[in-house]
Amino acid sequence: MPQKEIVLSGMRPTGEQHIGNYFGAVRQWISIQNQYKCYFMVADLHSLTTLKTTKNIKEKTREMVTTWIAAGLNPKKSTIFLQSAVPEHGELSSILATLLPVSMLELNPTYKEMVAENPKAGSFGILNYPVLQAADILIYKASRVPIGKDQDPHLEISREIARRFNHRFGKIFPEPQSLFDEVPKIYSLTHPQKKMSKSHGSDSYVALLDSPDKIRSKIKRAVTDSGSAIKYDSINKPAVSHLLDIFYLVSETPIKKLEIKYKNSGYAEFKNDLAEAIIAHLAPIQKKYRELAKNPKKIEKILKEGSNKARLKAQKTMAEVKSKIGLLQF
Ligand code: AMP
């Protein structure tokens, strides 16, 4: 039987999970668990580059992993682990950091944006994050990252690092590629031009664990476009188009059908039905979450076992890396 390709992905434990994280990442992860050998990581070290406080990071970590499992991620199929529990990520990162000129890292758009906003925010951690990310991927020799083709340029630094290592010391790393043609993108309820994220306040996103009343109130307040027609037109009616996208994802009703159904109704009825469809979609995940959350020790056990398993693979790769470089090993 041919070997399964290896996949690596991660998420930062920065707080509430929202439906953007779910449809844009976790649901994709769940869909590939059988086909690929998957490593899913709590990217806690990456979260240090932006978190203002680490006060609740343990709780956030447990909560995030609990939502993943409640949504359908299966620790028997996938390796679910904690980045900081596998020190080889940092070890490999410090070796890979020698392969690129700083000037190349300074071109990274995320770094440029952060420095443009606040020159003092440009820590070495932020400059170095693409190198740590390359280490996260390459330490497992992952050849696939579950992102869409449009995000593929984000992997270019990882590929460049893999190429440089392979060229200089001998080939051991694959050049990681994106896995999907397209991955759903969910937009903010209050800033329809921007991706849904926690940075625009809690009214701008639907959290996976929001109560039905909270969901109703957030959808009721969601920004709409001028004119009452419920029509998919991402240029002229971005807000309503993005709500239609969410409606399709939670109900699996094709957008054309939704347009016909709400042709003569106003926003109120449309939003009311959308809220109920989101509530119904999230109900089984929330139910499972509440069951799992009663036993946080079980979640920690899953993370511990996953991290031990990940570490074995990471140690094997590090031994190979050191051997290729020619370092003395005992
Ligand atoms: P982060 O919170 O930046 O660690 O993101 C975790 C994952 O969720 C990444 O794979 C993101 O691409 C995905 N994600 C976050 N926000 C959205 C969104 N609004 N729509 C789709 N995917 C998202």
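Just follow the structure's listing: the first ligand is 1, and inside any ligand the first atom is 1.
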Novice: Within a distance under 4.0 Å of any heavy atom of A25, pick out the atoms of ligand 1 and give their elements.
Specialist: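 Matching atoms, with element in brackets: 7 (C), 8 (O), 10 (O).
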Novice: What residue and heavy atom of the protein are closest to atom 17 (C) of ligand 1, and at what distance?
Specialist: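 Residue, atom and distance for the closest contact: K195 CE, 3.5 Å.
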Novice: Any chain of hydrophobic side-chain contacts (each under 4.5 Å) joining L8 to V42?
Specialist: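 Cluster IDs for L8 and V42 differ.
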Novice: Counting each atom of ligand 1 from 1 as listed, which ones have a heavy atom of P184 under 4.0 Å away?
Specialist: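 The atoms of ligand 1 under 4.0 Å from a heavy atom of P184 are 21 (C).
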Novice: State whether K231 and D225 are salt-bridged, where the test is any N-O pair (Lys NZ or Arg NE/NH1/NH2 against Asp/Glu carboxylate O) under 4.0 Å.
Specialist: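 So K231 does not pair with D225 through a salt bridge.
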Novice: What protein heavy atom sits nearest atom 23 (C) of ligand 1, and how far off is it?
Specialist: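 Protein heavy atom with the smallest distance to atom 23 (C) of ligand 1: G20 O, 3.3 Å.
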Novice: Among protein heavy atoms, which sits nearest to atom 15 (C) of ligand 1, and what does the distance come to when rounded to 0.1 Å?
Specialist: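 Checking every protein heavy atom, the shortest distance to atom 15 (C) of ligand 1 gives N21 ND2, 3.3 Å.
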Novice: Which of these passes side-chain contact (heavy atoms from CB on, under 4.5 Å) with V131: T98, L96, D136, L99?
Specialist: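 Answer after filtering T98, L96, D136, L99: L96.
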Novice: Taking NZ, NE, NH1 and NH2 as the nitrogens, is one of them in R163 or E156 under 4.0 Å from a carboxylate oxygen of the other?
Specialist: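 Answer for the salt bridge query: yes.
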Novice: Please answer whether the main-chain N or O of S226 pairs with a side-chain N or O of K237 as donor and acceptor at a distance below 3.5 Å.
Specialist: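 Checking the backbone N and O of S226 against the side chain of K237, a donor-acceptor pair under 3.5 Å is found.
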Novice: Side chain, backbone, both or neither: which part of H18 has a heavy atom under 4.0 Å from ligand 1?
Specialist: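 H18 to ligand 1: side-chain contact only, backbone stays beyond 4.0 Å.
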Novice: Which ligand 1 atoms does K185 reach within 4.0 Å, using its non-hydrogen atoms?
Specialist: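 Near K185, the atoms of ligand 1 are 20 (N), 21 (C).
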Novice: For E175, is there any backbone N or O sitting under 3.5 Å from a side-chain donor or acceptor partner on Q177?
Specialist: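 Side chain of Q177 to backbone of E175: a pair is present.
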Novice: Quick test of your reading of the model: are D203 and K218 salt-bridged, counting only N-O distances below 4.0 Å?
Specialist: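 No.
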Novice: Are any of the N/O atoms in I186 less than 3.5 Å from those in ligand 1?
Specialist: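 Checking ligand 1 against I186, an N or O pair does fall under 3.5 Å apart.
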Novice: What atoms of ligand 1 come closer than 4.0 angstrom to any heavy atom of G24?
Specialist: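 So the answer, numbered in order with elements, is 21 (C), 22 (N).
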Novice: With respect to Y205, which candidate in H200, Q17, K195, E16 satisfies the side-chain contact (heavy atoms from CB on, under 4.5 Å) definition?
Specialist: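 The residue from H200, Q17, K195, E16 that satisfies side-chain contact (heavy atoms from CB on, under 4.5 Å) with Y205 turns out to be E16.
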Novice: What protein heavy atom sits nearest atom 1 (P) of ligand 1, and how far off is it?
Specialist: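 Nearest neighbour among protein heavy atoms for atom 1 (P) of ligand 1, to 0.1 Å: R12 NH2, 3.6 Å.
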Novice: Can an N or O of M11 be found at a distance shorter than 3.5 Å from an N or O of ligand 1?
Specialist: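 Between M11 and ligand 1, no N or O pair is found under 3.5 Å apart.
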